[in-house]
Protein chains: 2
Amino acid sequence: MSGVEDSLRILRSKGYRVTQPRKLVLKVLERAEGPVSPYDIQKILQQEGERLNHVTIYRILDLFCLLNLAHKVLLCGGFVKCALGKREGCHRFMVCRQCGALREFADKALCEEESAIARDFGFVAEHHFSEFFGLCSNCNS
Amino acid sequence: MSGVEDSLRILRSKGYRVTQPRKLVLKVLERAEGPVSPYDIQKILQQEGERLNHVTIYRILDLFCLLNLAHKVLLCGGFVKCALGKREGCHRFMVCRQCGALREFADKALCEEESAIARDFGFVAEHHFSEFFGLCSNCNS
DNA sequence: GTCTTAATGCAATAATATTGCATTATTGCC
DNA sequence: GGCAATAATGCAATATTATTGCATTAAGAC
């Protein structure tokens, strides 16, 4: 299942044009390991010989968020692509305040629990983002 | 229990000076309802007739984070003061992607569960920050 | 009060984000 | 495929946020 293709289909179906810059940004988000900032995206593309104005990238990311094709992860102001088909995305990080180590992890049970809590508030949570801030195993020993 | 006084004591005990700017920033953090950014702090102080250079505020906040007197909440790049005595802080927000509504809430059970997960990784979590991103009750009906 | 030096303020600059408008390129239609 | 309409992009200017080096100030020890 190609997330890029699916995203393009959604764009088209909502009356938005499929443009070269949008395809490029989608490709970067698709391949990125973690959250990438607008300027990260610009640099990555530059290394591949592609040039894209940063304003364009900002606007494309705004649109993707609006359409729920991407979402903003507030850690370092980056963006993460949402896997299509799975509407609920989950991003969890442990951040060490001493050495700055950043580790992403997953926890399905926590995810379900969070969804339940959201529902109790009448809120439909599409993405959970969480961050544990403290000392990693190296720094607390 | 005055958080400000306790914080000043910690500063002193670690060999840092108790200065007017540090006292002012502490007071703002103490009274703030939610996270405040460096420039928020500057504006708040300005309204009270106090002037503080933004560079100074950045440096003070960095120090407070280092000493664990405050911590960075990455939502909107703001800072939140840690209540002293309670080493574990928890900040949870629901953010509506449609209308932008921001609602802070608490959940003790979730907090404990998160601490347990962190421990499993050998990580000592001092603060949990989480964000549910989706549609609020107004926007999903 | 005086001395030491940590802490602050200032000026300059870097990095990130936003806006308006001219230009380009996608899409629908022939 | 070529043409017209206009959505999307690029550019220039500007705003906002963050960082650095150095001169000046003020906190704390005596």
>> Distance check, rounded to the nearest 0.5 Å: B:Tyr58 atom OH versus B:Ser37 atom OG?
In response: 7.0 Å
> How do B:Val18 and A:Gly15 order along DNA chain D: which one's closest nucleotide is nearer the 5' end?
Replying inline: A:Gly15
> In whole Å, what is the span from the CG atom of B:Asn53 to the P atom of D:dT24?
Replying inline: 16 Å
> Would A:Glu114 and A:Arg92 pass as an ion pair if we require N to O under 4.0 Å?
Replying inline: yes
> How close or far is atom C1' of D:dT9 from atom CG of A:Leu11, stated in whole angstroms?
Replying inline: 15 Å
> Rounded to whole angstrom units, what separation is found between the NZ atom of B:Lys23 and the P atom of D:dA27?
Replying inline: 8 Å
> Taking only side-chain nitrogens and oxygens of A:Ser37, does any of them come within less than 4.0 Å of OP1 or OP2 of C:dT16?
Replying inline: no
>> Distance check needed: D:dG10 P versus A:Arg22 CZ, whole Å only.
In response: 11 Å
> A:Arg17 side chain: which of D:dA7, C:dA17, C:dT8 is closest?
Replying inline: D:dA7
> Between the side-chain atoms of B:His54 and the base atoms of C:dT8, is any donor-acceptor pair under 3.5 Å?
Replying inline: no
>> Tell me the interatomic distance from B:Tyr39, atom OH, to C:dA17, atom C1', rounded to whole angstroms.
In response: 14 Å
> For A:Leu45 and D:dT9, what is the distance between atoms CG and C1' respectively, to the nearest whole Å?
Replying inline: 15 Å
>> Check this one for me: any side-chain N or O of B:Thr56 less than 4.0 Å away from OP1 or OP2 of C:dG9?
In response: yes
> Starting at CZ of A:Arg12 and ending at P of C:dT26, how long is that distance when rounded to a whole Å?
Replying inline: 12 Å
> Within the side chain of B:Gln42, is there an N or O that forms a donor-acceptor pair under 3.5 Å with the backbone of B:Asn53?
Replying inline: no
> Hey, does the side-chain of A:Arg59 have a donor or acceptor N/O within less than 3.5 Å of a partner on the base of D:dG10?
Replying inline: yes
> Relative to the ring of A:His127, is the ring of B:Phe133 parallel (under 30°), tilted (30 to 60°) or perpendicular (over 60°)?
Replying inline: tilted
>> Using OP1 and OP2 only, check whether a side-chain N or O of A:Tyr58 sits under 4.0 Å from C:dA17.
In response: yes
> To the nearest Å, how far apart are A:Gln20 CD and C:dT24 P?
Replying inline: 17 Å
>> Check this for me: does the side-chain of B:Tyr16 come within 3.5 Å of the base of D:dA27 through a donor and an acceptor?
In response: no
>> Check B:Asp6 with B:Arg9, please: is the shortest side-chain N to carboxylate O separation under 4.0 Å?
In response: yes
